[in-house]
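Quick notes on the structure that follows.
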Amino acid sequence: MFLISILLILAMQFSETKNREELWISVLSPRAIVTVNCLLTDIMTGKRPKQVVLLSEIDSGQSIVKAVSELCKLWLNYDVTVEMFKFNPLDEEILDRLEKTYLNQGDKVLVNITPGRKIDALRLYAMARRHGCSIRYHYLIYESLLGYRPFALAPFDTIIPLNLNTWKPSNWNPPQVGADKSPVRLNLEEACAFINILSVYTRSRSIQMRVGEPFTTAEITFNVIKSGIAKISHEINNREIMEALNSACIMSEAIEPENIDEIAKELAKLIRSGYEIIPDTNTLMDRITSQLERKISAYGIRTDTFRESITILRVVYNELSQFERMSDRGINEDQIRLRKRFLGLREMQRLGKGIPEPPSEKFTRARGDDMLIEEIKARLGRKPKAVLITEDMGLSRRAKLLLDTKLIETPDVKKNSTIPTDAIPKIIYFMTILAPNVVIKTGNIEVKLKFSKRELIERDEIRAYTDPKTAAIANKIKKTLEIEKELLRP
């Protein structure tokens with residue numbers, strides 16, 4: 001047994017040494033994070049480059065070199081040499097120099113042909129094949145939806161890292177991490193990336209979520225059944241937790257209102273005709289506006305145009321801002337409502353909307369459906385060129401006497417619904433806020449998630465409590481997103 005252990009350790013060391021000798025080459029995409037994400041994904045499949053060469057037709061400056069160097073040091077825990085190489089797929093002299101300088105090292109070289117144009121990929125593939133280099137291509141399912149996100153924000157089950165030498169997918173083999181006892185605080189984006197990358201470290205296609213511990217416990221399971229699609233199953237006998245799950249699934253766009261496409265199409269026509277879009281309180285609390293924003297782009301309405309068309313009423317703001325009694329403990333109907341108000345206010349801010357001025361003094365603190373209709377009259381007159389978006393059938397009927405309304409038909413999540421895997425970490429994040437004391441388990445990793453009222457209000461962050469190695473993964477993801485955000489700056 002001892003001898004076997006020694007041989008395994010030597011084999012791992014040999015593999016690590018061999019991998020460190022690899023030279024990683026790829027085209028630097030105009031969207032730099034595409035290339036950076038390819039490098040990080042290759043690292044997650046066991047590649048341990050010692051040198052990175054970025055091919056670029058233009059001088060991209062040192063910011064990309066610095067970012068790639070930092071990310072390699074962060075994940076590999078050693079310094080990697082990063083170089084830029086002036087590249088032109090039609091210049092034979094440049095191509096000859098590329099072959100003599102780098103590609104002639106043969107199987108010590110890994111060429112990733114994912115970024116860049118087709119002609120770049122064709123040229124690199126042909127030269128790499130000639131010299132016996134390793135060749136990779138990352139096939140991303142739903143590329144138009146997920147392709148340009150920062151690292152780990154596309155679920156890893158939607159990424160197929162193809163080895164083009166064998167035409168087989170590479171297996172996940174992420175680098176080992178040390179212990180980190182620092183506190184783990186995650187905003188929505190960071191929480192999504194952290195939960196996504198856990199699947200790489202555990203190689204698990206399932207996440208169990210327990211809600212309401214230690215008092216009212218419900219269990220919800222997410223199982224990936226094919227790339228991009230998961231089945232959500234649950235055993236929930238508690239009305240409040242079921243309400244929280246329904247809301248979290250709508251907020252995360254895991255389930256869609258049945259008539260959302262029809263409404264998006266109609267709104268596109270109305271926006272072109274100069275109509276204002278007025279969301280009510282529930283529409284913002286359930287982030288229906290986020291779904292409409294994404295859907296309406298298919299009908300030629302740009303994000304900034306959609307946001308400019310939205311009018312937030314003072315009455316709606318007054319209702320959303322009433323969350324002072326929100327607590328970070330307990331699950332009951334009142335607390336869920338207060339937490340949803342807070343999230344609705346955040347959705348209003350995401351849309352770029354500030355505190356609306358009341359049209360007159362009587363609306364300064366006004367709330368309720370009657371005052372909402374009165375405010376529309378006060379702002380836009382008795383024949384407003386506007387449309388009200390609401391989930392409330394009673395409000396829709398009453399408001400129809402004044403203006404056009406669109407009634408959102410929100411569904412309930414069924415016991416065995418199928419959802420996009422992209423929505424799973426968002427559901428977990430929103431459930432952590434709506435129903436505190438969430439525990440997730442995937443493979444051999446368990447993470448307890450909670451929120452502090454102060455931290456949530458000040459920084460939109462939740463807390464993760466886990467073992468030091470998993471905490472290290474979370475903090476590395478936070479740093480990765482921070483570095484990549486700099487690359488996204490214009």
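Here, residue 1 is the first one in the sequence, and each next residue gets the next number.
Electrostatic pairing of Lys295 and Glu256 counts as a salt bridge here, judged by a charged N lying under 4.0 Å from a carboxylate O. Asp91 and Lys86 are not joined by a salt bridge, as no carboxylate oxygen comes within less than 4.0 angstrom of a charged side-chain nitrogen. By the 4.0 Å N-to-carboxylate-O rule, Glu235 lies close enough to Lys415 to be salt-bridged with it. For Glu347 and Arg350, the salt-bridge test passes: some basic side-chain N is under 4.0 Å from an acidic carboxylate O. By the 4.0 Å N-to-carboxylate-O rule, Asp304 lies too far from Arg307 to be salt-bridged with it. A salt bridge links Arg294 to Glu253: one of the charged nitrogens lies within less than 4.0 Å of a carboxylate oxygen. A salt bridge links Asp96 with Lys100: the distance from a Lys NZ or Arg NE/NH1/NH2 to an Asp or Glu carboxylate oxygen falls below 4.0 Å. By the 4.0 Å N-to-carboxylate-O rule, Lys479 lies close enough to Glu482 to be salt-bridged with it. Ion pairing of Asp157 with Arg205 is absent here, as no side-chain N (NZ or NE/NH1/NH2) approaches a carboxylate O to less than 4.0 Å. Under the 4.0 Å criterion applied to side-chain N and carboxylate O atoms, Lys73 and Asp79 are assigned as salt-bridge partners. Using a cutoff of 4.0 Å between basic side-chain nitrogens and carboxylate oxygens, Lys469 and Asp467 are not scored as salt-bridged.
Of the residues Glu461, Glu458, Glu455, the one that meets the salt bridge (Lys or Arg N to Asp or Glu O under 4.0 Å) test with Arg185 is Glu455.
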* Between Val111 and Arg136, does a side chain to side chain contact (heavy atoms under 4.5 Å, CB included) hold up when you go through it step by step? -> CA-CA 6 Å; Val111 179; Arg136 296 290 183 274; over 6 Å; no
| task | Would you please test Trp24 and Asn112 for side chain to side chain donor-acceptor pair (under 3.5 Å) and show each step? | result | CA-CA 8 Å; Trp24 191 89; Asn112 192 309; over 6 Å; no
**Prompt:** Taking it one step at a time, do Glu190 and Lys478 satisfy salt bridge (Lys or Arg N to Asp or Glu O under 4.0 Å)?
**Reply:** CA-CA 6 Å; Glu190 293 162 350; Lys478 282 173 64 78; 3.2 Å; yes
- CA sep, side-chain torsions, deciding dist, call: Asp286, Lys340, salt bridge (Lys or Arg N to Asp or Glu O under 4.0 Å): CA-CA 8 Å; Asp286 283 335; Lys340 286 178 68 173; 3.4 Å; yes
- request: Go through the steps for Glu446 and Arg210 under the test salt bridge (Lys or Arg N to Asp or Glu O under 4.0 Å), then give the verdict.
  value: CA-CA 11 Å; Glu446 188 168 282; Arg210 301 194 304 273; 3.8 Å; yes
| What do the steps show when you test His131 against Glu99 for side chain to side chain contact (heavy atoms under 4.5 Å, CB included), and what is the final call? | CA-CA 8 Å; His131 288 280; Glu99 289 189 89; 2.6 Å; yes
One pair to check against side chain to side chain donor-acceptor pair (under 3.5 Å): Arg463 and Tyr465. What are the steps and the verdict?
CA-CA 7 Å; Arg463 288 190 177 201; Tyr465 300 89; 3.3 Å; yes
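Looking only at distances, a side-chain donor or acceptor of Thr480 sits under 3.5 Å from a matching main-chain atom of Lys476. Looking only at distances, no side-chain donor or acceptor of Asn196 sits under 3.5 Å from a matching main-chain atom of Ile424. Without hydrogens or angle criteria, Asp328 side chain to Lys453 main chain gives a donor-acceptor distance under 3.5 Å. Judged by distance alone, the side chain of Asp460 and the main-chain N or O of Asn187 form no donor-acceptor pair under 3.5 Å. Using modelled atom types, no side-chain atom of Thr45 and backbone atom of Trp172 make a donor-acceptor pair closer than 3.5 Å.
Inter-residue side-chain proximity for Met44 and Ile197 is flagged as met; some heavy-atom pair is nearer than 4.5 Å. Counting heavy atoms from C-beta outward, Thr35 and Val27 have side chains that stay 4.5 Å or more apart. Side-chain contact between Lys441 and Val447 is absent, with no heavy atoms from C-beta onward closer than 4.5 Å. Looking only at side-chain heavy atoms (C-beta outward), Ser134 and Asn165 come within less than 4.5 Å of each other. You'll find the side chain of Leu481 reaches within 4.5 Å of the side chain of Glu189, heavy atoms only. Using a 4.5 Å cut-off on side-chain heavy atoms (C-beta onward), Ile43 and Pro49 make contact.
In plain terms, the two heavy atoms of Leu28 and Leu54 that are nearest each other are CB-CB, 4.4 Å. Closest heavy-atom contact between Leu95 and Pro89: CD1-O, 3.4 Å.
For Lys353, the NZ atom counts as densely surrounded, since its 6.0 Å shell holds more than 12 non-hydrogen atoms of other residues, nucleotides or ligands.
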